[in-house]
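The structure under discussion appears below in the form of structure tokens.
Small disclaimer: the values here were computed from a predicted structure and weren't measured. Residue numbers count from 1 along this sequence.
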Amino acid sequence: MFPEHRPRRLRGTAALRRLVSETTLRPRQLILPLFVAEGADQPRPIASMPGVVQHTRDSLRKAAVDAVRAGVGGLMLFGVPEERDATGSGAVAEDGVLNVALRDLRAELGDDTVLMADTCLDEFTDHGHCGVLDSSGAVDNDATLEVYAEMAVAQAEAGAHLLGPSGMMDGQVGVIRRALDEAGYTGTGILAYSAKYASAFYGPFREAVDSQLKGDRKSYQQDPGNAREALREIELDLAEGADAIMVKPALAYLDVLRAAAELSPVPVAAYNISGEYAMVEAAAANGWLDRERTILEVLTSIRRAGADMILTYWATEAAAWLD
């Protein structure tokens, strides 16, 4: 009798589909990125990211508590300072916006969530690059590493559980690991942005952090056409002591994410970034897509490709949809 095989038998009811589902998506696998703006007296909407804001210290605490209550697994913090300089000194200052916010949330939440910090200078420099510049205007890798080490210790002191070096400087994980250990923060982990691409999808994020960048970051972020290079970067970060690794962006790099998951002995994260968020929100606002179904499909695709953790601006909202 034709057809001999009928896979549709396992799709006939919601209960059957649930029973044989291969990919799980749970609130604990989601990480909420949050922006906190120095001196803000009320949350500031980010026009290119509807529903996302630059938080005040108070609204940040509320958003963080809401996320934890929803079951979200972690929080990644980004600071937006009032003043910037060539070396990003606000990133290492005890009273810098990001370090203050970390202390606020560690005091509020303790160990009830995994508190993460962006360990990068781009938000804090007046030129918008992820490191300090040399006399020719190029990013000085080794001089930047010295600042990263100081920044990492400051963030650990402020209460971060995991640090997220995202600048794509050679040797950044090893330098940060040594600095943390020497300062006595042997329990503070590193979520390494190991494969971070020079992507057009970062556009809305530039608005979110009031980026001062002129030009691009192609001399240190990866070429979108390169996949083997990403695996080399991951292997180097693992050798330097990364506790988890990340692929960023997510959707345009699901092949890289799959390869990373097959290679990595440590947890793998993927960042569902601002441009990916903005595309879905814009299409849904125009009635072109079913918003909830699309968001869950996007997040499920990232999990299916191999991500153990997903950084997404939908984290709190999506957590409420998951049974």
Side-chain angles (χ1 to χ4, degrees), residues 30-38 54-55 57 60-61 63-64 67-68 72-81 84 88-125 130-131 144-145 147-169 172-173 175-181 183-194 196 205 208-211 237 241-246 248 267 269 271 273-274 309-313 315:
L30 305 179
I31 298 166
L32 178 65
L34 292 161
F35 304 99
V36 57
E38 188 173 24
Q54 293 178 347
H55 283 285
R57 288 176 66 182
L60 178 74
R61 280 190 287 263
V68 173
V72 168
L75 309 171
M76 175 65 80
L77 265 60
F78 297 87
V80 184
R84 298 170 171 86
S89 61
V92 302
E94 184 177 355
D95 61 352
V97 59
L98 183 51
N99 295 327
V100 168
L102 286 167
R103 285 194 293 274
D104 284 347
L105 294 194
R106 190 60 186 268
E108 183 77 31
L109 297 167
D111 293 332
D112 289 345
T113 190
V114 181
L115 190 57
M116 310 176 192
D118 181 53
T119 310
C120 193
L121 295 178
D122 57 317
E123 298 104 292
F124 297 93
T125 56
C130 296
T144 298
L145 294 182
V147 184
Y148 281 3
E150 188 178 356
M151 186 179 186
V153 172
Q155 292 177 341
E157 288 175 347
H161 296 95
L162 288 178
L163 306 186
S166 60
M168 291 298 289
M169 297 296 120
Q172 62 186 14
V173 172
V175 164
I176 288 172
R177 183 72 270 158
R178 285 193 295 274
L180 291 172
D181 291 350
Y185 294 104
T186 56
T188 303
I190 298 174
L191 169 57
Y193 287 60
S194 299
K196 182 176 179 181
F205 184 89
V209 297
D210 295 338
S211 175
D237 283 354
D243 298 286
I245 59 101
M246 188 191 298
K248 180 180 181 181
Y271 201 141
I273 66 167
S274 61
M309 307 171 284
I310 305 171
L311 285 82
T312 177
Y313 301 100

Worksheet item: For Ala117 and Leu102, which heavy atoms make the closest approach, and how far apart are they?
Response: CB-CD1, 3.8 Å
Worksheet item: So do Glu123 and Asp210 actually touch side chain to side chain, heavy atoms under 4.5 Å?
Response: no
Worksheet, complete the sentence: Sorted by chain and number, sequence neighbours left out, side-chain hydrogen bond (donor to acceptor under 3.5 Å, both in side chains) with Asp237 holds for Ser194
Fill in: Derivation and outcome, side chain to side chain contact (heavy atoms under 4.5 Å, CB included), residues Leu98 and Leu77
CA-CA 7 Å; Leu98 183 51; Leu77 265 60; 3.6 Å; yes
Discussion item. Can you give me the closest heavy-atom contact between Asp243 and Pro267, atom names plus distance?
Written reply: O-CD, 3.5 Å
Worksheet item: Which residues pass the salt bridge (Lys or Arg N to Asp or Glu O under 4.0 Å) test with Asp112, sequence neighbours left out?
Response: none
Practice prompt. Mind running side chain to side chain contact (heavy atoms under 4.5 Å, CB included) on Leu162 and Val114 for me, showing each step along the way?
Written response: CA-CA 7 Å; Leu162 288 178; Val114 181; 3.8 Å; yes
Practice prompt. Kindly compute the distance separating CE (Met116) from CG (Leu311), expressed to the nearest 0.5 Å.
Written response: 6.5 Å
Item to complete: Give the C-alpha distance, both sets of side-chain angles, the deciding distance and a yes or no for side chain to side chain contact (heavy atoms under 4.5 Å, CB included) between Met76 and Leu115.
Response: CA-CA 6 Å; Met76 175 65 80; Leu115 190 57; over 6 Å; no
Discussion item. Looking at every non-hydrogen atom in both residues, tell me the closest pair between Ala37 and Val97 and how far apart they are.
Written reply: C-CG2, 4.1 Å
Practice prompt. Would you please name every residue forming a side-chain contact (heavy atoms from CB on, under 4.5 Å) with Ala67, sequence neighbours left out?
Written response: Leu32, Val72, Leu75, Thr316
Worksheet entry | Within-4.5 Å side-chain heavy-atom neighbours: Leu60 and Leu105 | yes
Discussion item. Holding to side-chain hydrogen bond (donor to acceptor under 3.5 Å, both in side chains), I want the full list of residues that pass it with Thr312, two or more places apart in sequence or in another chain.
Written reply: Asn272
Practice prompt. Check Ala244 against Met309 and note the closest heavy-atom contact, atom names and distance.
Written response: CB-CE, 4.1 Å
Discussion item. The criterion is side-chain hydrogen bond (donor to acceptor under 3.5 Å, both in side chains); which residues satisfy it with Tyr313, sequence neighbours excluded?
Written reply: Tyr271
Worksheet item: What residues form a salt bridge (Lys or Arg N to Asp or Glu O under 4.0 Å) with Arg106, not counting sequence neighbours?
Response: Asp111
Item to complete: Mind checking the NE2-OG1 spacing from His161 to Thr188? Nearest 0.5 Å is all I need.
Response: 8.5 Å
Worksheet item: Thr125 and Asp122: which non-hydrogen atoms are nearest, and at how many Å?
Response: OG1-O, 3.6 Å
Fill in: Counterpart residues, side-chain contact (heavy atoms from CB on, under 4.5 Å), relative to Val147 (two or more places apart)
Val92, Leu121, Val132
Worksheet item: Any donor and acceptor pair, going by atom type alone, linking the side chain of Arg177 with main-chain N or O of Ala242 inside 3.5 Å?
Response: no
Worksheet, complete the sentence: Here the side chain to side chain donor-acceptor pair (under 3.5 Å) pairs for residues 88-97, sequence neighbours left out, are Asp85-Ser89
Donor-acceptor pairs are to be reported for all side-chain atoms of residues 148-159 against protein atoms at under 3.5 Å, with residues two or more places apart or in another chain.
from   : atom 1 : to     : atom 2 : distance (Å)
Tyr148 : OH     : Cys130 : O      : 2.6
Gln155 : OE1    : Thr119 : OG1    : 2.6
Gln155 : NE2    : Asp118 : O      : 3.0

Item to complete: Tell me, please, which residues at least two apart from Arg57 pass side-chain hydrogen bond (donor to acceptor under 3.5 Å, both in side chains).
Response: Asp104
Worksheet item: Tell me, do Ile31 and Ile310 make a side-chain contact under 4.5 Å, heavy atoms counted?
Response: no
Worksheet entry | Derivation and outcome, side chain to side chain contact (heavy atoms under 4.5 Å, CB included), residues His55 and Leu34 | CA-CA 8 Å; His55 283 285; Leu34 292 161; 3.8 Å; yes
Fill in: Results of ring-ring contact (aromatic ring centres under 6.0 Å, His included) for Phe78 - residues two or more places apart only
Phe35, Phe205
Worksheet item: From Lys248 NZ over to Lys196 NZ, what is the distance, rounded to the nearest 0.5 angstrom?
Response: 4.0 Å
Worksheet entry | Considering all heavy atoms, the nearest Ser166-Gln172 contact | N-NE2, 4.4 Å
